[in-house]
J.: 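Handing you this structure, nothing more for now.
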Amino acid sequence: MSIAFFAAFFLIWEYSIVWFGIPRYILTPPSVVVTKGWADIDRLLYYTWITGVEVVLGYAVAVILALPLGLAIAFSSILRRTIYPFVVCVEMVPKIAFAPLFISWLGFGLLPKVIIVFLVCFFPIVLNAILAFSSLSEELSRFSVSTGANAWRTFVKVRLPAALPQCFVGFKYAAINATVGAAIAEFIGSDQGLGFYIQIVTGNMRPDLAFAGIFFLTILGLALFGLVTLAERLLIPWHISLRRQSH
Amino acid sequence: MNPLIELTGVQKVFGAGPGALHAFGPVDMKIEKGEFVSLLGPSGCGKSTLMLMIAGLLEPSGGRIEIDGRIVAGPQTDIGIMFQDNTLVPWRTVRGNIELQLELRGLSPAAHRASVDELLASVHLEDFQRRYPHELSGGMQQRAAFCQALVHQPATMLLDEPLGKLDAMTREAIRTDLQALWIQRHPTVVFVTHSIEEAIQLSTHVAIITPRPGRVERIISVDLPYPRDFEVKSSPQFIGYVRQAQEIFRGYGVL
Ligand SMILES: Nc1ncnc2c1ncn2[C@@H]1O[C@H](COP(=O)(O)OP(=O)(O)OP(=O)(O)O)[C@@H](O)[C@H]1O
Ligand SMILES: [Mg+2]
């Protein structure tokens, strides 16, 4: 079904350009995108690698820092009253607006992009982790307490598995944000990467190559999202959203 | 001998100010070691609240609860509690859920294999031990939760409507099993139920609780021989006890 839908979409795209006589420098048919993109494949692959590194580094650092912070805020009433309101306020700030600043401070290199990807990923993960670790059902927390289990054992056997589904909401949301963050950071200032590529070829009136760049950016986003989804399948196969429908 | 569980002027008020809700008490009550005491009362009269207070999971607003002569000031860990809403976790199988109780207590599931098997068999869940809770019917989940609450063989059990979601036939069967377990090991049981018949069939004493705020005004001592099977249940004495309880509830205007 969905394959047929994709095929129809690309066919309409292909032939509407002919039917409506749209000039090549505005929109190109997918067949041309494929052939011209293939001609430039070396550059596209290299830039995909560059952007991929930014995305993966920023995302990984966000996960590594955001989870413990979310955990700490969920369990500490002091942090809840001090850091939590601050985190919520910062979440309201459009992080991407900082991109020009970071680039002016840190130059065109890898670091400012990683920081921007990190920023757009960090907050959804923190907020979902806080929610995840502070919403154990009253019955389950009473049950755990009544066994006399210490905090660590309760955490490993009850709190952590109970929190994972909500954590993954944050991980997935962040995975969607990550490539957007990287691309925009590259638009603003860089000399390589897919965002840079799309901007340059668009300036050169080459929508065919711009679409090829968008295609690779999409693949990158899907790959990251797919990895996170795979991890989710492996870690919480029992969750209601992942149960296999049996007929 | 001192009573095992002693309540003195125990009450619970939720909230404060004009919105405060007087949920339970004040109640004085003694439960002796090895007794099977049912808490029988209308919905919302504070039965679950009382159970949580005895378990040390909810602080009374007034009065004092003692277990074995010690004042209950925090969670009691040497009892078995079956909560009204089941505490099965979705990421473990039925067997895994039962073992969760053991693991949280630092006991080895391997060392308790036989008793878990026996418990599963007693509630007819052997064939479902590798299934996840969502694959079970409501009644099966409740039976699994029953095993989870009792696998560590506590000498005192607090059971909050353990048979509430069961169909009439299974309910009868599990009642018989519970009674057999009590006859065999004589744990002290505090048992919450809405069913007058069930309370009288199982209990040595039935504490009748008034509508909210719940008070214990009458305790019926049920003087019938165990095991109380179908024959006992159709005896005139049994029916007499049921009548007596019904009369009391009629007096409260809940029947
Ligand atoms: N955490 C709470 N906050 C406020 N009110 C509560 C709370 N828990 C219980 N109550 C109130 O206390 C009263 C007694 O509740 P409880 O759950 O003990 O009733 P119950 O006798 O177990 O009822 P049921 O048979 O329906 O389970 C109810 O009116 C309920 O609304
Ligand atoms: Mg209740």
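Chain naming here is simple, since letters A, B, ... match the order of the sequence lines and numbering starts at 1 in each.
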J.: Under 4.5 Å from any heavy atom of chain A, what part of B:Gln76 do you find: side chain, backbone, both or neither?
T.: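 Backbone only.
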J.: When only pairs under 4.5 Å are counted, which of B:Gln148, B:His152, B:Arg92, B:Glu103 shares the most heavy-atom pairs with chain A?
T.: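 Greatest number of close heavy-atom pairs with chain A: B:Glu103.
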J.: Can you measure from CZ (B:Arg105) to CZ (A:Arg153) and round to the nearest 0.5 angstrom?
T.: 11.0 Å
J.: Are more than 12 heavy atoms from other residues, nucleotides or ligands located less than 6.0 Å from atom CD of B:Glu126?
T.: yes
J.: Count the heavy-atom pairs under 4.5 Å between each of A:Ser144, A:Pro161, A:Ser137, A:Ala149 and chain B, then report the option with the highest count.
T.: A:Pro161
J.: Would one find more than 12 heavy atoms of other residues, nucleotides or ligands at under 6.0 Å from atom CD1 of A:Ile3?
T.: no
J.: Quick check on the interface: out of B:Ile81, B:Asp78, B:Leu100, B:Ile79, who has the most heavy-atom pairs with chain A under 4.5 Å?
T.: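 That would be B:Leu100.
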J.: Counting only heavy atoms closer than 4.5 Å, note whether A:Val156 contacts chain B via side chain, backbone, both or neither.
T.: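 Looking at A:Val156, nothing touches chain B.
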J.: Please check if atom CG in A:Leu234 has more than 12 non-hydrogen atoms from other residues, nucleotides or ligands closer than 6.0 Å.
T.: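 Buried by this count: over 12 neighbours within 6.0 Å.
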J.: Mind checking whether B:Leu57 and A:Val145 have side chains closer than 4.5 Å, heavy atoms only?
T.: yes
J.: Is chain A contacted by the side chain of B:Leu58, its backbone, both, or neither, given a heavy-atom distance below 4.5 Å?
T.: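 For B:Leu58, side-chain heavy atoms alone lie under 4.5 Å from chain A.
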J.: Would you mind telling me which of B:Pro75, B:Gly74, B:Pro90 has the largest number of heavy-atom pairs within less than 4.5 Å of chain A?
T.: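 Highest number of heavy-atom pairs under 4.5 Å: B:Pro90.
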J.: Just wondering, are more than 12 heavy atoms of other shown residues or ligands nearer than 6.0 Å to CZ in B:Arg185?
T.: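 Enclosed.
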J.: Within a radius of less than 6.0 Å around OH of A:Tyr84, do more than 12 heavy atoms belonging to other residues, nucleotides or ligands occur?
T.: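 Check fails, neighbour count at 12 or below.
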J.: Assess whether atom CZ of A:Phe187 is packed by more than 12 heavy atoms of other residues, nucleotides or ligands within 6.0 Å.
T.: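 Yes, the 6.0 Å shell around CZ holds more than 12 heavy atoms from other groups.
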J.: So for atom CD, which belongs to B:Glu135, do other residues, nucleotides or ligands contribute more than 12 heavy atoms lying within a distance under 6.0 Å?
T.: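 Above 12, so yes.
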J.: Give a yes or no on whether A:Phe98 atom CZ has more than 12 heavy-atom contacts from other residues, nucleotides or ligands under 6.0 Å away.
T.: no
J.: Do the ring planes of B:Phe83 and A:Phe143 sit parallel (below 30°), tilted (30 to 60°) or perpendicular (above 60°)?
T.: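 Taking A:Phe143 first and then B:Phe83, their aromatic rings stand perpendicular (interplane angle over 60°).
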J.: Working to the nearest 0.5 Å, report the span between CH2 of B:Trp91 and CG of A:Leu235.
T.: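 Rounded to the nearest 0.5 Å, the CH2-CG separation comes out at 13.5 Å.
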J.: Can you give me the closest heavy-atom contact between A:Leu140 and B:Thr87, atom names plus distance?
T.: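 For A:Leu140 versus B:Thr87, the nearest heavy atoms are CD2-O, 3.7 Å.
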